[in-house]
Amino acid sequence: MVRLITHNLLACHAKNCTQTKGFPLAFNDVRVETKEAEFNADFLKSFYERKIDWDALVGAAKQLGDTSLPLERPEMVDDDFLQLLHHVLLEIHVEEGEMICPNCKHVYKIRDGIPNMLLAEHEIG
Amino acid sequence: MTIRYLVFFAQVHPEFRLPELQSIAELYGFQVIKPASLPGVSENEIWNPSRPFWVIDLEDEAHAIALAERCILIKSIYELYGHGNTYEDVHSQTLACAHLWQRFKEDTSFRFIVTAYSDRIPMSRQKEIVDSFAFMDMRGKIDLKNPDETFTCYEEYPDARYKTKEDDGKNTLLHIFFGRLVTVGKARALVQKFDVKKRSYYGNTSMEAEISLLMANQTLASPGKFIYDPFMGTGSMAYTAAQFGAFVFGSDIDGRQMRGKGDSPGIMIAATQYGVAPRIIDLCTFDVTRNPLRCGDLFDAIVTDPPYGVRAGAKRLGRKESDRDRRVQKRLANPERELLQTTAQEDYVPPTKPYELSDLVRDLVRLARYLLRPNGRLVFFLPTVTDEYEAVDVETALCSGMEVVANSVQDFGNWGRRLITIKKTTNESFGSPFEDGEETDDDSKNHVPAHKDFREKYFKRFQKN
Ligand SMILES: C[S@@+](CC[C@H](N)C(=O)[O-])C[C@H]1O[C@@H](n2cnc3c(N)ncnc32)[C@H](O)[C@@H]1O
Ligand SMILES: [Zn+2]
């Protein structure tokens with residue numbers, strides 16, 4: 001767990017970090033596992049068309065050693081592309097490690113696949 | 001043209017029955033039509049939730065099968081041939097709809113079942129009743145074990161729980177139904193499957209299986225939907241939503257609830273037991289009022305049992321007013337040191353302050369308006385003190401673009417909880433209620449809902465002074 005779809009949705013929310021400044025979080029010192037996931041074309045398409053931050057996904061995949069995605073966000077969504085997207089968004093799991101805010105450097109720890117996104121007292125606005 | 005069906009319901013959670021039927025019909029895009037009138041039945045007895053039999057009209061037998069596949073409260077569905085207070089009525093109606101059963105006359109193996117709700121019919125009378133349908137002239141093979149079709153005659157007697165003093169002793173026949181079994185309820189078996197006691201991971205906040213399933217149906221869970229539980233706890237509703245194919249995201253302020261004591265998270269162990277682990281997208285630890293989701297308009301449904309203080313009190317990050325000043329002083333004195341201390345600690349647990357239920361509910365509805373897609377649903381429990389409850393209590397939590405579609409009480413005597421289903425009816429995007437700038441609007445705040453200070457009332461056993 002901590003799949004890249006989740007990473008694509010999490011931003012640092014400490015005070016003074018906005019959803020743009022505190023995103024994307026950088027992976028550090030990670031242990032990665034790949035696990036087969038259930039393919040659902042509609043789910044992928046709707047996420048891709050409406051919500052994805054492409055550059056963040058490409059960057060995060062690269063940090064985890066996966067460079068299968070094109071740097072430019074493709075216009076054409078065909079089956080091959082959906083398979084690729086499926087693998088990167090859902091099948092790569094970060095089980096241990098950290099995610100670091102690019103702005104305030106808050107370290108969000110990941111243990112047993114669960115990220116601790118709690119803020120410390122002085123970080124809430 | 002519609003076809004008339006008889007639905008036999010489990011006699012539990014009567015107020016959940018209609019919302020469940022409507023939800024599944026909406027999910028598959030068909031109508032469940034209430035008969036305007038029925039022979040020998042007064043109008044207010046049609047779809048009476050305290051009776052086990054409902055007559056419904058559907059456009060297609062496939063719709064009956066879809067209902068039986070998903071509705072937890074359905075025991076069986078019959079194509080209805082006749083019903084009334086006397087066998088004469090039942091026979092003549094059955095004859096009048098011969099076109100419905102004629103096709104089974106020649107080569108169909110069949111059996112007849114004569115049975116009663118809330119009574120027993122002696123064998124000899126059962127046989128008489130079967131014989132009285134001889135006019136149907138069924139010529140196929142009788143097969144008691146594995147017939148092609150089962151014709152069933154039900155006599156309904158008053159439910160023991162609803163009997164009045166006058167009923168005492170005698171058992172009045174309320175109604176007779178006769179029809180062909182279309183399907184038994186397939187979803188009811190899930191109540192056993194998700195039994196909390198047989199679950200490999202659960203806690204004292206786990207939601208009972210039947211209610212978790214009913215909640216999942218209220219969300220319209222189906223393959224490819226994305227569903228969120230912001231008070232995930234031990235994940236009871238995540239398993240049932242995932243059972244119906246949805247992908248689930250969960251979060252909780254207390255990671256230990258989701259994690260348990262083992263090496264891999266307890267929720268994932270239970271999800272594996274149920275075969276739905278790949279559908280649990282992720283579990284995150286955070287305070288829902290300080291949540292790190294980058295954008296809204298994400299989920300098809302939010303399903304949750306908010307902490308209402310009895311077993312697991314609501315909390316949010318921050319400090320009680322009383323000791324805040326002191327901390328601010330200290331923090332200003334040495335901000336660097338505190339930063340190091342908190343982020344480096346493995347299991348740093350930040351301080352929390354109480355979160356009053358009526359605030360929480362208002363926030364939850366606004367959070368749902370932000371996080372849900374248009375037509376998405378928020379399904380959650382609202383505890384409330386029964387005799388103080390007013391319909392306006394749910395209304396006070398509403399905001400524009402969010403409409404109640406169902407509100408069913410589960411009654412525990414001197415308290416109850418209401419399962420509320422709210423639909424996002426707007427296409428507009430709204431911000432998060434926890435972002436700066438959003439003021440709590442309108443005058444609904446002036447009304448004091450009965451669920452305010454629920455925890456205190458619970459511990460005072462609801463005594464009013
Ligand atoms: C009633 S329990 C939910 C139980 C869950 N449905 C289950 O099956 O176990 C409420 C949960 O809300 C969590 N909680 C309380 N305050 C919270 C907050 N501010 N943000 C997120 N979670 C919170 C508690 O840790 C608790 O696990
Ligand atoms: Zn930050």
Side-chain angles (χ1 to χ4, degrees), chain A residues 1-3 5-15 17-20 22-25 35-47 50-51 53 56 89-91 93-95 98-99 101 104-125, chain B residues 223-226 245-247 249 251-255 258-259 262-265 267-268 276-287 289-298 300 316-319 327-328 331-332 335 338-339 341-351 373 434-436:
Chain A
M1 316 240 284
V2 185
R3 312 191 200 206
I5 187 175
T6 306
H7 173 269
N8 208 262
L9 291 171
L10 295 176
C12 179
H13 52 305
K15 82 176 159 204
C17 281
T18 59
Q19 287 156 348
T20 40
F23 180 84
L25 304 173
K35 294 178 200 169
E36 220 171 284
E38 198 170 282
F39 182 83
N40 187 297
D42 292 337
F43 177 79
L44 293 166
K45 270 191 214 146
S46 105
F47 188 76
R50 299 166 53 253
K51 289 295 149 191
D53 186 311
L89 278 178
L90 296 173
E91 298 193 320
H93 295 237
V94 177
E95 293 298 327
E98 311 176 331
M99 293 184 287
C101 171
C104 74
K105 309 295 175 210
H106 181 113
V107 176
Y108 295 99
K109 289 220 189 291
I110 302 167
R111 189 159 61 85
D112 304 324
I114 301 181
N116 183 349
M117 304 304 293
L118 286 173
L119 295 176
E121 190 177 10
H122 61 279
E123 295 170 312
I124 48 187
Chain B
K225 295 249 178 96
F226 200 14
F247 294 124
F249 178 76
S251 65
D252 198 289
I253 196 171
D254 183 355
M258 301 185 288
R259 206 183 274 285
D263 289 338
S264 48
I267 288 186
M268 296 315 294
V276 299
R279 296 186 189 145
I280 309 295
I281 293 293
D282 258 304
L283 306 170
C284 292
T285 306
F286 58 79
D287 174 350
T289 73
R290 303 277 172 191
N291 89 69
L293 294 169
R294 161 175 76 79
C295 53
D297 197 24
L298 266 180
D300 297 289
R316 56 191 302 188
L317 293 188
R319 239 167 233 283
R327 296 291 300 192
V328 170
R331 188 164 77 213
L332 291 175
E338 187 152 80
L339 178 70
Q341 230 178 34
T342 52
T343 48
Q345 264 168 308
E346 253 299 295
D347 269 316
Y348 167 72
V349 181
R373 297 174 177 180
F434 306 117
E435 300 274 293
D436 300 337

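Computed from a predicted model, the values in this text were never measured in an experiment.
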Check: How many angstroms lie between atom CG of B:N291 and atom CE of A:M117, to the nearest 0.5 angstrom?
Finding: 9.5 Å
Next item on the list: Say whether, by atom type as modelled, one donor and one acceptor occur between the side chain of A:R3 and the main chain of B:I281 under 3.5 angstrom.
Entry: yes
Item checked: 4.5 Å side-chain heavy-atom contact, A:N8 and B:R294 -> yes
Notebook entry, point to check: What distance separates A:I5 CD1 from B:F249 CZ, expressed to the nearest 0.5 Å?
Noted result: 9.5 Å
Notebook entry, point to check: Would you say A:N40 and B:F247 make side-chain contact, with heavy atoms under 4.5 Å?
Noted result: yes
Margin query: Counting C-beta onward and ignoring hydrogens, is there a side-chain heavy-atom pair between B:D297 and A:K51 closer than 4.5 Å?
Written below: yes
Item checked: Atom of B:L283, atom of A:M1 and distance for their closest heavy-atom approach -> CG-CE, 3.5 Å
Margin query: If we define contacts as heavy-atom pairs under 4.5 Å, which of B:P292, B:C295, B:P278, B:G224 has the most with chain A?
Written below: B:P292
Item checked: Derivation of the side chain to side chain contact (heavy atoms under 4.5 Å, CB included) call for B:R373 and A:S46 -> CA-CA 11 Å; B:R373 297 174 177 180; A:S46 105; 3.0 Å; yes
Item checked: B:D287 CG to A:H13 NE2 distance, which is reported to the nearest 0.5 Å -> 8.0 Å
Next item on the list: Measure the spacing between CE of B:M268 and CD1 of A:I114 and express it to the nearest 0.5 Å.
Entry: 9.0 Å
Margin query: Within the structure provided, determine whether B:I253 and A:L118 are in side-chain contact (heavy-atom separation under 4.5 Å).
Written below: yes
